[in-house]
Amino acid sequence: MQTHFLQIGKTGTSAVRAGMNRHILKAGIKVRSHECKAHHLRNEEPFFFIVREPATRFVSAFNSRLRMG
């Protein structure tokens, strides 16, 4: 059975993935893109994700869009 790591924007998943990539691969965890939602997975497939405090997530998203122009 495949375990999925769902990435949610501006929650630090890129940093976690960079730091844990070797362990994620060894454990057989499939990293899913931001477009993948929980309802896209089969019911029996386990998944996990990271959450972030809403105010800091908002500030991070705001600053990211500010840098884009």
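Note that the structure is a prediction, hence the values are computed from the model and not measured. Start at 1 with the first residue, then count along the sequence.
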Show the nearest heavy-atom pair for residues S60 and K10, with the distance to one decimal. OG-CD, 3.5 Å
One should read off an interatomic distance between I8 CD1 and R52 CZ, to the nearest 0.5 angstrom, of 12.0 Å
If you define the side chain from C-beta out and look only at heavy atoms, does anything of T11 sit under 4.5 Å from F49? no
Going from OG1 on T3 to CD on E45, what distance comes out if it is rounded to the nearest 0.5 angstrom? 9.0 Å
I need the minimum non-hydrogen distance between H40 and E35, along with the two atoms involved. CE1-O, 3.6 Å
Below 6.0 angstrom between ring centroids: does that apply to F5 and F47? no
Just so I know, are the side chains of R17 and Q7 near enough to count as touching, which here means a heavy-atom distance under 4.5 Å? yes
How far apart are the closest heavy atoms of P46 and Q2, and which atoms are they? CD-O, 3.5 Å
Shared hydrophobic cluster for V31 and F48 (ILVMFWY, side-chain gaps under 4.5 Å): yes
Closest heavy-atom pair and its distance - E44, M1: O-SD, 3.0 Å
Measure the spacing between CD1 of I29 and CE of M20 and express it to the nearest 0.5 Å. 8.0 Å
pair H4-C36: side-chain heavy atoms closer than 4.5 Å: no
